[in-house]
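A quick write-up on the structure given underneath.
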Number of protein chains: 2
Amino acid sequence: MAQPRYRQIASELRDQITSGALREGDRLPTEPQLQERYRASRNTVRDATALLVNEGLVQRVPGRGGGMIVRRRVTLTFHAHRAEMPARPTAETDAWRSEVVAQGYEASQDFSLTIKSLSSDLAERLHVEPDSGAVLRRCVRYVNGQPSSLQDTYYPIDLAEEIRELLSPKDIPQGTTKLLADRGHEQVAYYDEYISRMPTPEETNLLGLQPGTAILLHIRTGYTEHRPIRVSFNIFAGDRNQIVTTHGDTRIIAKFRPAEAPE
Amino acid sequence: MAQPRYRQIASELRDQITSGALREGDRLPTEPQLQERYRASRNTVRDATALLVNEGLVQRVPGRGGGMIVRRRVTLTFHAHRAEMPARPTAETDAWRSEVVAQGYEASQDFSLTIKSLSSDLAERLHVEPDSGAVLRRCVRYVNGQPSSLQDTYYPIDLAEEIRELLSPKDIPQGTTKLLADRGHEQVAYYDEYISRMPTPEETNLLGLQPGTAILLHIRTGYTEHRPIRVSFNIFAGDRNQIVTTHGDTRIIAKFRPAEAPE
DNA sequence: CAGTGGTCTAGACCACGCG
DNA sequence: GCGTGGTCTAGACCACTGG
């Protein structure tokens with residue numbers, strides 16, 4: 001028995017899930033049932049199921065009629081290249097909303113605005129002095145009423161003073177990218193970072209994440225011809241989102257993936 | 001006490017980490033010390049530290065001289081757009097290796113080859129019949145001797161029969177992208193997917209992942225003018241990697257991020 | 001009310017590895 | 001050797017929620 005007891009139990013249950021014997025939404029045996037089946041104490045059984053929870057396979061639901069159920073994976077696809085490319089100045093919020101709707105879901109957003117002092121990390125990205133001011137525009141995005149992703153965008157304070165709409169605590173109808181372009185700050189280059197990590201407690205709350213859910217962090221820095229003018233942190237709940245981009249001749253891709261046709 | 005005990009303990013320790021009172025590599029108090037400090041049983045203390053472990057903040061090291069230490073985050077940056085763009089037929093393996101070396105680390109790889117039958121998901125991506133054959137070329141990539149990422153690339157079997165080198169169970173010096181281009185299969189479009197999730201047990205073993213480590217999955221489908229010819233699954237250990245791409249006028253980005261200058 | 005998981009205790013023995 | 005975390009047991013009381 002090289003493997004400890006709780007790992008053996010977890011493996012058996014995991015195999016039942018990956019093999020399809022247990023499907024999405026199905027219930028695992030209850031803890032007392034597992035205790036009896038494996039002749040183990042409750043803590044051992046819980047150690048086993050805790051592994052599955054942290055792998056994102058299973059969700060625990062307390063209360064009568066609850067239990068441990070196999071998690072569902074509904075994946076929303078977000079096209080990072082469609083929103084706000086230089087040649088296609090679509091509104092970024094509209095881009096997200098229309099993607100959601102096109103995939104058959106209902107979209108809504110919560111918006112908020114804060115004035116902040118920039119951390120050294122952010123100041124470096126925006127190429128300004130540390131502790132200089134910035135406008136933080138936060139947008140929590142809901143799919144079918146469930147929080148799905150979160151966008152934090154920082155603009156240097158001097159830009160916001162020039163373009164006062166950035167200070168308005170509500171959504172900008174045509175999208176900020178278009179607004180900035182109309183006012184002579186066209187973004188002509190993007191620096192994109194993709195990072196996978198576990199959420200902070202704040203992110204867990206804002207996105208309503210289950211234990212065992214990673215986040216997909218997409219950091220986009222936008223540049224005009226002269227300087228960086230904004231950094232966006234897109235935080236996606238990893239169990240409900242993926243990001244897609246394309247390069248090269250997209251007509252070929254559309255031929256084999258009809259859903260990718262650029263409208 | 002709305003918050004349970006173990007969450008309070010976890011919060012205090014987490015704050016010490018995020019505030020900098022505990023730095024990367026530092027040791028947390030031992031379990032007996034935490035029991036005494038918080039007057040809690042060992043299991044409660046372990047529930048608390050388990051949270052930190054699953055958040056990827058802390059690593060447990062058994063044995064005398066071990067303990068619980070704040071995890072280090074060494075981030076390797078991988079430029080998804082540099083490798084194998086149509087206009088820049090750099091060898092993909094060389095591209096990865098040179099990135100690692102440029103960032104001051106030592107690079108090595110383990111290569112293996114398998115002939116497989118395609119799952120329906122993969123068959124769809126490659127636009128061939130389900131259960132048709134494919135060559136799987138796997139490359140486990142090490143940074144400073146530590147496994148860092150994993151690349152699984154699938155080629156349709158008919159392509160491998162035309163280009164026999166794909167069946168050779170070793171690395172292709174000039175890179176497969178260049179090889180395919182030289183033989184009349186130039187990739188002119190890419191479909192990229194980015195996904196964040198917890199690892200499977202197999203991935204955990206191959207990459208030597210700690211609990212609480214998510215993976216960053218980058219799926220790239222390459223197309224010639226006529227059809228998809230390969231799917232690559234790049235699986236990155238989330239605690240040691242990020243992916244970067246750029247769009248638009250990269251000279252501007254290079255001006256503000258000198259490290260991004262295209263060599 | 002009854003059954004689910006959530007939290008917590010107080011013990012026990014073990015494997016590992018530095019000193 | 002001996003202190004670290006790894007595993008496991010046998011209990012207890014609680015909060016929640018469907019029937």
Side-chain angles (χ1 to χ4, degrees), chain A residues 1-13 22 25-71 201 204-205 208-213, chain B residues 1-13 22 25-71 201 204-205 208-213:
Chain A
M1 290 225 212
Q3 280 278 84
R5 197 106 177 75
Y6 75 100
R7 289 192 184 276
Q8 294 174 15
I9 299 174
S11 290
E12 283 199 25
L13 294 172
L22 286 170
D26 282 357
R27 295 163 67 153
L28 270 62
T30 66
E31 290 182 351
Q33 287 168 345
L34 290 172
Q35 286 183 57
E36 196 187 350
R37 182 195 295 183
Y38 293 104
R39 305 216 171 210
S41 75
R42 185 169 173 220
N43 279 348
T44 300
V45 164
R46 280 183 67 80
D47 283 348
T49 54
L51 280 184
L52 304 181
V53 168
N54 287 324
E55 287 167 17
L57 291 176
V58 158
Q59 173 178 1
R60 287 172 170 156
V61 180
R64 171 125 189 198
M68 293 177 283
I69 63 177
V70 180
R71 281 177 66 176
T204 300
N205 286 335
L209 299 180
Q210 294 294 323
T213 307
Chain B
M1 288 222 215
Q3 281 276 83
R5 197 105 179 76
Y6 75 101
R7 289 189 185 275
Q8 293 174 15
I9 299 174
S11 290
E12 283 200 25
L13 295 172
L22 286 170
D26 282 356
R27 285 179 150 69
L28 269 62
T30 65
E31 290 182 351
Q33 287 169 346
L34 290 173
Q35 286 182 59
E36 197 186 353
R37 182 194 295 183
Y38 294 102
R39 303 215 169 215
S41 75
R42 187 172 170 216
N43 278 348
T44 300
V45 165
R46 281 183 67 79
D47 283 347
T49 54
L51 279 184
L52 305 181
V53 168
N54 287 324
E55 287 167 17
L57 290 176
V58 158
Q59 173 179 1
R60 288 172 169 157
V61 181
R64 170 126 189 192
M68 293 178 283
I69 64 178
V70 181
R71 280 177 66 175
T204 300
N205 287 334
L209 299 179
Q210 294 293 323
T213 307

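Residue numbering restarts at 1 for every chain, and letters A, B, ... go by the order of the sequence lines. Hydrogens, waters and symmetry mates play no part in the numbers below; they use all other heavy atoms, side chains included.
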Could you check which of D:dT4, C:dC8, D:dT17 has an atom nearest any side-chain atom of B:Tyr6? C:dC8
Going by side-chain contact (heavy atoms from CB on, under 4.5 Å), B:Leu22 matches just one of B:Ile69, B:Leu57, B:Val58, B:Leu28. Which one? B:Leu28
Using the side-chain heavy atoms of B:Pro62, tell me which of these nucleotides is nearest: C:dG6, D:dT17, D:dG5. D:dG5
Starting at the 5' end of DNA chain D and moving along, which residue's nearest nucleotide shows up first, A:Arg7 or B:Gly65? B:Gly65
In whole angstroms, the gap separating P of C:dG3 from CD of A:Gln35 amounts to 15 Å
A:Glu55 side chain reached by B:Thr204 side chain, heavy atoms, under 4.5 Å: no
Check the distance between D:dG11's C1' and A:Glu31's CD and give it to me in whole angstrom. 15 Å
Between P on D:dT9 and CZ on A:Arg39, what's the gap in Å once rounded to a whole number? 12 Å
Without decimals, in angstroms, what is the distance between B:Met68 CE and D:dG6 C1'? 12 Å
Is it the case that C:dG6 (base atoms only) and A:Arg42 (side chain only) share a donor and an acceptor within less than 3.5 Å, ignoring hydrogens and angles? yes
Value in whole Å for how far the P atom of D:dA10 lies from CG of B:Asn43: 14 Å
Rounded to whole Å, CD of B:Gln59 lies from P of D:dG6 at a distance of 10 Å
Taking every heavy atom of A:Pro29 against every heavy atom of A:Arg37, the minimum-distance pair comes out as CG-NH2, 3.4 Å
Should B:Gln8 and B:Arg5 count as side-chain neighbours, where that means a heavy-atom distance under 4.5 Å? yes
Starting at atom CD of B:Gln3, determine the distance to atom P of C:dT7, rounded to an integer number of angstrom. 10 Å
Candidates D:dT7, D:dT17, C:dC8 - which lies nearest the side chain of A:Arg64: D:dT17
Compare all side-chain heavy atoms of A:Tyr38 with those of A:Val45 and state whether any distance is below 4.5 angstrom. no
If you only use heavy atoms from C-beta on, which nucleotide in D:dT4, C:dG5, D:dC8 is closest to the side chain of B:Pro32? D:dT4
Distance, rounded to the nearest Å, where B:Leu34 contributes CG and D:dG5 contributes C1': 12 Å
